[in-house]
Q: 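I have a structure I would like to understand better, so I am pasting it below and will then ask my questions one at a time.
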Amino acid sequence: MLNKVIHKSIIIRSVIAQAVLLLVSYSGAYGMNLNDWKTFASTDEARDVTIVDGSVWVATNGGLVIIDAIDLGANVVTNADGLLSNDLTRIIVDQSATAWITSQGWLLKRSLGSTQFTPFPFLTVNNELIRLNAIADDNDNEQLWIGADFGLTLFSKSVDGGQIQDSYQRFGLFSDGAAVVDVMVTVDSVWVATQDGFAVADRRNPIQLKSFANWTTFSSANVSGLTNLRPTSLASYVGETIVGTSDGAYVLSYSPIDTSITALGLPASTEVFRLIVDSIANAPAQELHIYTSRGEYLYDGANVTLLSTAGLPNRLVTSGVSVSGKRFLGLKSSGIFASSGSGFSEVETATIPGSDVSAVTVSPLGEVIVALGRDGFARLRNGSWLSVLQSPTGTAISLSADSLGALWLGTFGAGAWRVTSGSETKYDSLNSSLKGNTDGGNNNFVVIPDMASDSRYTYMANFRAFDFNPVAIVDQLDPSRWISFGVAQGVNDEFITSVDVAQGTLVVSSENLGVYFVRTGPDPFDLSDYQVTHYFEGASNFRFRLPSDNVNKVRIDTHGDTWVAHRFGLARFDAGFERFVPVTLPLDLGPEVRDVAFDPLDNVWIATPTGVGRFDRAMNTFETFTQLNSGLVSDNVRALEFDSRNNYLWIATDAGLSRFRADLGQANFEINTVTAFPNPFVISFGTERLRFNFSGVAELRVFTEIGELVWVGQSNVGWDGRNQSGVDVASGVYLFVLADDAGESGVGKVLLIRNN
């Protein structure tokens with residue numbers, strides 16, 4: 001049933017694709033305000049390497065790396081530069097020298113001589129991006145064949161500038177909607193490598209590919225030797241079909257009466273990543289390059305030869321190309337390397353060391369520091385990313401900058417670190433009040449999921465401390481002075497997730513039991529006068545009830561108000577009534593909230609698995625930022641930090657770090673420079689509103705591009721995308737005019753995209 005739903009969704013999307021494509025492409029003229037966004041993502045996972053206009057182009061998990069083949073200078077192009085996705089998979093160049101790139105949800109086109117990318121979205125009817133894994137050109141400059149997570153798509157390069165023609169989900173006896181990991185086109189056939197095996201069909205009459213009966217399949221069910229081999233790649237070499245698998249490369253010979261495979265002679269347990277046929281310079285012959293978990297091999301039709309990998313940190317080679325006398329190789333997890341003398345050296349891209357960002361903070365000096373999981377901690381200094389620690393760090397998960405300029409770093413299992421300009425000191429159960437649990441095989445497996453600092457002390461959430469004292473405090477003036485508290489003081493859960501402190505009150509959150517308000521008194525090292533109030537979901541007194549006991553983060557704003565990010569949403573503590581009040585999220589956001597940050601205008605920013613939300617407390621309204629309407633690097637957002645000195649919102653995601661210059665949240669006193677946001681104005685549910693950053697109240701008029709009046713209202717209320725009769729207006733470009741009582745005015749354009 002699921003595959004049928006997916007199949008139907010892609011067919012429906014193909015019918016309306018052109019309308020969507022025109023809007024997305026056109027939006028570049030008026031912008032997604034991409035200049036307000038910057039992306040920091042790792043390019044360590046290099047997936048495809050090819051030559052475009054004499055330069056080396058590399059598709060990576062962190063964007064497109066363009067390398068000068070002579071001087072090895074590298075430029076990284078990201079979603080904030082117009083790519084729309086950093087998660088790139090393949091690059092091809094067709095006969096017209098047009099480059100085509102596949103990615104997470106987008107097919108990207110760049111014509112010869114252009115610096116712009118034209119995006120073509122691949123979406124389900126639920127606006128979910130479909131991952132594109134592979135692409136092949138039919139060599140007549142008309143059609144592309146694209147392998148995706150939900151089958152095969154035929155794309156016309158010529159119809160209306162680019163359009164999805166059809167999709168195919170049934171490949172012989174394979175599962176409907178099988179993910180296609182590679183595609184190969186021959187004179188009259190199209191081949192696919194899927195999770196179930198390999199399949200081929202006659203491509204000359206594409207409509208016949210809709211029937212499973214017109215596909216011939218090759219799998220463990222009908223080919224001896226394919227048992228337990230996962231398909232990975234395809235190539236046609238000197239008239240032979242070569243298949244790459246999770247354990248070797250093979251010649252696949254088939255006929256109506258017999259099918260067999262012959263191993264090419266790679267060592268046992270060699271995973272093949274790519275098969276690429278290259279022409280030999282100054283010769284008509286070709287050679288097959290086999291990129292594997294053991295390095296790069298060359299096949300000449302008879303023998304397999306391992307090429308030199310001297311200088312590489314490992315042999316996990318995914319792709320490669322030769323140009324200007326150099327060999328360029330992409331590695332699975334270690335970046336891009338170029339041949340140099342007798343070996344290889346890394347091509348420097350100056351990108352962030354890892355993309356899995358779990359926490360971010362800005363020090364009092366304005367330095368950005370991030371926690372990158374297994375890639376440790378890094379700081380952005382003078383435009384370059386540098387390691388914070390010289391020692392092994394464990395898994396980096398939290399951090400805080402104290403009032404004296406020291407950095408406190410929390411790990412999963414390796415305790416905490418204090419780092420200054422001249423030293424780094426590790427703290428765990430051997431030299432502090434921190435305690436571990438037995439997950440790591442001993443009681444020194446110390447987990448610190450969150451930290452907070454005030455003017456004198458740093459507070460740490462010590463998850464599952466074995467002595468049931470899960471909150472630790474260290475004196476910044478004397479880092480050898482520690483104390484911990486917990487059950488004895490009324491914080492009766494060791495599954496602590498977050499801490500924050502302000503004005504003598506420490507707020508502590510739990511994974512299962514809600515929130516604790518801890519009034520420590522003037523000296524937090526004096527445990528005798530602690531007062532603890534517990535707020536939780538099942539409290540008998542409604543004043544102490546919390547919407548959810550599963551709390552991710554607690555944060556205190558500049559007014560002293562406590563905000564709780566929990567599994568099912570957001571809540572704010574109302575001090576007047578001494579109770580938590582739920583905040584209703586828009587349908588397209590959350591429902592889980594992971595973090596909260598605050599800007600100088602009292603806007604509340606929230607991190608969710610489906611994007612970033614901006615909550616206007618005065619208007620009680622939300623704006624949503626996602627990959628579809630902004631330069632956000634990923635919708636899976638983990639943490640936030642607002643730097644009020646330059647209005648940067650730093651956004652930690654699973655695919656990198658985004659920086660947003662939040663000028664839209666700044667009060668604008670000059671109506672002639674007013675800005676509308678979000679732009680594009682994407683309407684998915686009908687509850688969204690176009691807002692303006694004008695500090696006063698002005699009359700708002702909305703017009704079509706040809707000057708027809710659409711709507712009249714007030715700037716502080718915003719526009720909901722309807723005309724004066726309450727009818728939804730169509731997608732397109734609209735003009736707005738704001739006029740205040742003094743006779744001054746401001747004008748602008750906005751692109752409206754209707755997805756509902």
Side-chain angles (χ1 to χ4, degrees), residues 359 361 398 400 449-455 457-461 470-471 473 485 489-493 495-521 524 530-539 541-585 590-608 613-618 620 622 639-642 644:
T361 195
S398 63
S400 178
D450 196 25
M451 300 177 169
S453 298
D454 61 15
S455 60
Y457 304 99
T458 294
Y459 303 79
M460 301 183 189
V471 183
I473 308 172
F485 69 89
Q489 287 71 39
V491 178
N492 53 6
D493 183 29
F495 292 85
I496 298 304
T497 57
S498 180
V499 293
D500 203 6
V501 61
Q503 301 173 0
T505 297
L506 176 68
V507 186
V508 179
S509 70
S510 162
E511 186 178 83
N512 303 303
L513 294 179
V515 169
Y516 301 87
F517 278 44
V518 183
R519 290 166 179 82
T520 62
Y530 271 33
Q531 298 178 22
V532 177
T533 306
H534 186 195
Y535 296 86
F536 58 102
E537 189 174 351
N541 187 332
F542 77 92
R543 288 181 51 243
F544 299 101
R545 289 180 189 165
L546 197 64
S548 172
D549 285 339
N550 309 119
V551 180
N552 296 317
K553 285 284 180 66
V554 286
R555 289 293 181 256
I556 304 173
D557 66 20
T558 55
H559 302 289
D561 293 339
T562 297
W563 297 76
V564 173
H566 58 80
R567 181 180 177 185
F568 301 107
L570 179 69
R572 178 183 65 85
F573 186 71
D574 188 326
F577 290 94
E578 296 187 8
R579 63 184 178 90
F580 278 97
V581 178
V583 177
T584 302
L585 303 185
E592 180 184 6
V593 178
R594 293 170 171 167
D595 199 9
V596 187
F598 316 98
D599 69 25
L601 291 182
D602 284 344
N603 296 309
V604 181
W605 298 82
I606 63 172
T608 81
R614 172 187 173 273
F615 178 53
D616 187 321
R617 296 177 66 178
N620 198 36
F622 268 99
L640 303 171
E641 174 83 351
F642 201 93
S644 59

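Throughout, residue positions are numbered sequentially from 1 according to the sequence presented.
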Q: Got a sec, which residues hit side chain to side chain contact (heavy atoms under 4.5 Å, CB included) with Thr533, two or more places apart in sequence or on another chain?
A: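 For Thr533 the side chain to side chain contact (heavy atoms under 4.5 Å, CB included) partners, ignoring immediate neighbours, are Phe517, Arg519, Tyr535, Phe544.
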Q: Heavy-atom count around Arg567 CZ within 6.0 Å, excluding the residue itself: above 12?
A: no
Q: Run the side-chain contact (heavy atoms from CB on, under 4.5 Å) check on Val596 and Lys553 step by step: do they pass?
A: CA-CA 7 Å; Val596 187; Lys553 285 284 180 66; 5.7 Å; no
Q: Give a yes or no on whether the backbone of Pro524 and the side-chain of Tyr530 come within a donor-acceptor separation of less than 3.5 Å.
A: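 Pair found, side chain donor or acceptor close to backbone of Pro524.
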Q: Considering non-hydrogen atoms only, spot the tightest contact between Ala639 and Ala359 and give its length.
A: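 Smallest interatomic distance, heavy atoms only, reads CB-CA, 4.1 Å.
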Q: Check for a donor-acceptor pair, side chain of His534 on one end and backbone N or O of Leu513 on the other, with a separation under 3.5 Å.
A: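 Indeed, once roles are kept as given, a pair shorter than 3.5 Å links the two residues.
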Q: Heavy-atom distance under 4.5 Å between the side chains of Phe568 and Asn550, does that happen here?
A: yes
Q: Whether the side chain of Asp595 engages the backbone of Ala607 through a donor-acceptor N/O pair (distance < 3.5 Å, no angle test) should be reported.
A: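 Flag not set: sc Asp595 to bb Ala607 has no pair under 3.5 Å.
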Q: Taking all non-hydrogen atoms of both residues into account, name the closest pair between Ala461 and Pro449 and its distance.
A: O-CD, 3.0 Å
Q: At what distance, to the nearest 0.5 angstrom, does CD1 of Ile556 lie from OG1 of Thr562?
A: 4.5 Å
Q: How long is the straight-line distance from OG1 of Thr361 back to CG of Leu640, given to the nearest 0.5 Å?
A: 12.0 Å
Q: Quick one: side chain to side chain contact (heavy atoms under 4.5 Å, CB included) partners of Thr608, sequence neighbours excluded?
A: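 Checked Thr608 against side chain to side chain contact (heavy atoms under 4.5 Å, CB included); matches are Leu589, Val593, Ile606, Thr610.
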Q: Tell me whether Asp549 contacts the main-chain N or O of Phe536 through its side chain, where contact means a donor paired with an acceptor under 3.5 Å.
A: no
Q: Once you round to the nearest 0.5 Å, how far does CH2 of Trp605 lie from CZ of Arg614?
A: 5.5 Å
Q: For a 4.5 angstrom cut-off between non-hydrogen side-chain atoms, does Val551 reach Leu546?
A: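 In contact.
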Q: Between Pro582 and Pro547, which heavy-atom pair has the shortest distance, and what is it?
A: CG-CG, 4.0 Å
Q: Shortest non-hydrogen contact from Ala539 to Arg545?
A: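 Nearest pair, atom of Ala539 first, then Arg545: O-NE, 2.9 Å.
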Q: Tyr459 pairs by side chain to side chain donor-acceptor pair (under 3.5 Å) with which of Asp500, Thr520, Asp450, Asp454?
A: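 With Tyr459 as partner, Asp500, Thr520, Asp450, Asp454 yield a single side chain to side chain donor-acceptor pair (under 3.5 Å), made by Asp454.
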Q: Tell me the closest heavy-atom pair linking Ala597 and Phe642, and the distance in Å.
A: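 The pair with the smallest heavy-atom distance is CB-N, 4.3 Å.
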Q: Given the rule in the side-chain contact (heavy atoms from CB on, under 4.5 Å) test, do Val518 and Val471 qualify, once you have shown the distances and angles that lead to the verdict?
A: CA-CA 11 Å; Val518 183; Val471 183; over 6 Å; no
Q: Please examine the side chains of Leu506 and Tyr516, heavy atoms only from C-beta on, and report whether any two atoms are closer than 4.5 Å.
A: no
Q: Would a 4.5 Å heavy-atom cut-off, applied to side chains only, mark His559 and Phe598 as touching?
A: no
Q: Hey, could you give me the CD/NE2 distance between Glu592 and His566, rounded to the nearest 0.5 Å?
A: 10.5 Å
Q: Under the side chain to side chain contact (heavy atoms under 4.5 Å, CB included) rule, collect the residues that match up with Thr497, sequence neighbours excluded.
A: Ser509, Glu511
Q: What is the distance from atom CH2 of Trp563 to atom CG of Asp557, rounded to the nearest 0.5 Å?
A: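 Those atoms lie 7.0 Å apart.
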Q: With a 4.5 Å heavy-atom cut-off, do Val501 and Tyr457 have their side chains touching?
A: no
Q: To the nearest 0.5 Å, how far apart are CZ in Arg543 and CZ in Arg579?
A: 10.5 Å
Q: Shortest non-hydrogen contact from Val604 to Arg617?
A: CG2-CD, 3.7 Å
